[in-house]
2 protein chains.
Amino acid sequence: MTTPKSLLERAFSLLSVFTVDRPAVTLSELSRHSGLPLSTTHRLVASLVELRALDRTPDGRYSVGLRLLELGALSPGSLDLRDRALPFLEDLYEVTRHNVQLAVRDGTEVVYVERISARDAVNVVTRVGSRMPLHCTGVGLVLLAAAPVAVQESVLAAPLKRYTPKTIVSSGELREVLARVRRDGYAVSDRQIEMITYSVAAPVRGQNGDVVAAVSAVVPTGTRTDTLVPAVRTCGLAISRALGWGAG
Amino acid sequence: MTTPKSLLERAFSLLSVFTVDRPAVTLSELSRHSGLPLSTTHRLVASLVELRALDRTPDGRYSVGLRLLELGALSPGSLDLRDRALPFLEDLYEVTRHNVQLAVRDGTEVVYVERISARDAVNVVTRVGSRMPLHCTGVGLVLLAAAPVAVQESVLAAPLKRYTPKTIVSSGELREVLARVRRDGYAVSDRQIEMITYSVAAPVRGQNGDVVAAVSAVVPTGTRTDTLVPAVRTCGLAISRALGWGAG
DNA sequence: CCATCGTTTCCGGTCAGTGGAAGACTGGGC
DNA sequence: GCCCAGTCTTCCACTGACCGGAAACGATGG
């Protein structure tokens, strides 16, 4: 959308056309949404298909290629973290029976790396690979509380997006919440994204003790907390142990 | 590794340096393994980091960026399929308690899209995003049996890689197996990858009835089959229904 | 049959990308 | 402390890969 210059920028602005709501598009749609001239789009798309970064669907449209899934699976968090964490996420899912999520921080955003949800779970907006701001989700709060000061200040300085009446939008309040998260070792995001859900999140630590990820359970408003908090915290600790925290 | 020419090819040959065994590398390793001159590597890597396709780890090495995870999550199979299938995979996992996998076909290979495995499950070589040939895995056989004739012939014509003494390497035998898979509606891969496991796989159909994916359960050799086969087939049918098979 | 929308091909100018070389930085061997 | 080997970063003049307007091609449908 912005004015791209280098070939790589152009290529990525093409890839950025694909979204959850628009997983397959025609060549001219690609051209329009990316702002690139049609012939340029055509040439670039051909190269990307050649490289399997894009796939041509039977109906002539284009979609993201499996090569990118393959590469994405190598991103930090997907490789080691995901594999080691999955069994414990399963355990947590057994207890909660709603939604269980694993996320890492990328800059000033949360990226979800894994998610387990029940067929009849409260519908959650997040998916694997999707992004959310740090200030309003359970995992976001945990990750933000453990982030470098520069990142925290950067988030606190920017306007905080409101999702519901309960969303924290005051930087002062957010500071307090973060302090509480650090003290307690877990975060609660109560109806900050949707008015029908709240989430409890706990940190996951790597070998050197740094917070590398966060686990959370998302449940319908009204579910009792007393068993949920220990379950989520235990899960976070278990994954941390599996990652070598407190060992060599 | 080949002689790249266009910028995109160069960029992808850089990305291809990353593997499961080598998830983070230094700049000069990147240069060496990709065969690109150091300065070119440096410039390209800088652009890729700018675009978040690569990340710089704290120790100065590079790893695949979360942007690629995000994009990969939009690939066909990851988006609709994965989300709809997950709850049913959970159910199947409850029954088997070992490994449950969901895979799609990409050319003449299987790409795993989702996997659930127990902490103490038999160790399986596959991961999300990883590839395997079509002739020897349960999901591969299901997908190959339903693939266009051109793909089948292409696989049958090429030499079939042997993994264990039980791996099918004769194209004649493979033809018979494929016919059986089509007739029975499921596939069994008995110790064809590792001598300690076998897998049962069933097709997943999309709205128009085409096979779009395959589910499988991987269990230790010796586990009884009589309950496994119906469970896997049922799971395949359930996911197909969730995808709109047999409806509008 | 023509109009419309999407796709593919063509081609000369030009500027983004190239990569050798030289300089900066690190760490570790003695 | 000094040197050296390995790694990373910066610089810059050359050049061929990329650009994109235009025009041909091909469906669809009224």
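The figures that follow rest on heavy atoms only: side chains count, while hydrogens, waters and symmetry mates do not. In what follows, chains are A, B, ... by sequence order, proteins preceding strands, each numbered from 1.
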Student: Is a salt bridge present between E70(B) and R127(A), judged by a nitrogen-to-oxygen distance below 4.0 Å?
Tutor: no
Student: Just checking, is any N or O donor in the side chain of R115(A) or S117(A) under 3.5 Å from an acceptor N or O on the other one?
Tutor: yes
Student: Check this for me: Y186(A), atom OH, are more than 12 non-hydrogen atoms of other residues, nucleotides or ligands nearer than 6.0 Å?
Tutor: no
Student: Would you list the protein and nucleotides 5-8 of chain D atom pairs, both N or O, that sit under 3.5 Å from each other?
Tutor:
from   : atom 1 : to     : atom 2 : distance (Å)
dC8(D) : OP1    : L27(B) : N      : 3.4
dC8(D) : OP2    : S28(B) : N      : 2.7
dC8(D) : OP2    : S28(B) : OG     : 2.4

Student: To the nearest 0.5 Å, what is the distance between OG (S130(A)) and CD (Q101(A))?
Tutor: 8.0 Å
Student: Between the side chains of D106(B) and R131(B), is the shortest nitrogen-to-carboxylate-oxygen separation below 4.0 Å, so that they form an ion pair?
Tutor: yes
Student: If I take atom CG from residue L71(B) and atom CZ from residue R67(B), how far apart are they, to the nearest 0.5 angstrom?
Tutor: 4.5 Å
Student: Rounded at 0.5 Å granularity, tell me how far OG1 in T108(B) sits from CG in L144(B).
Tutor: 9.5 Å
Student: At under 4.0 Å between heavy atoms, how does the protein contact nucleotides 17-22 of chain D? Give one character per nucleotide, 5' to 3', with B, S or -.
Tutor: -SBBB-
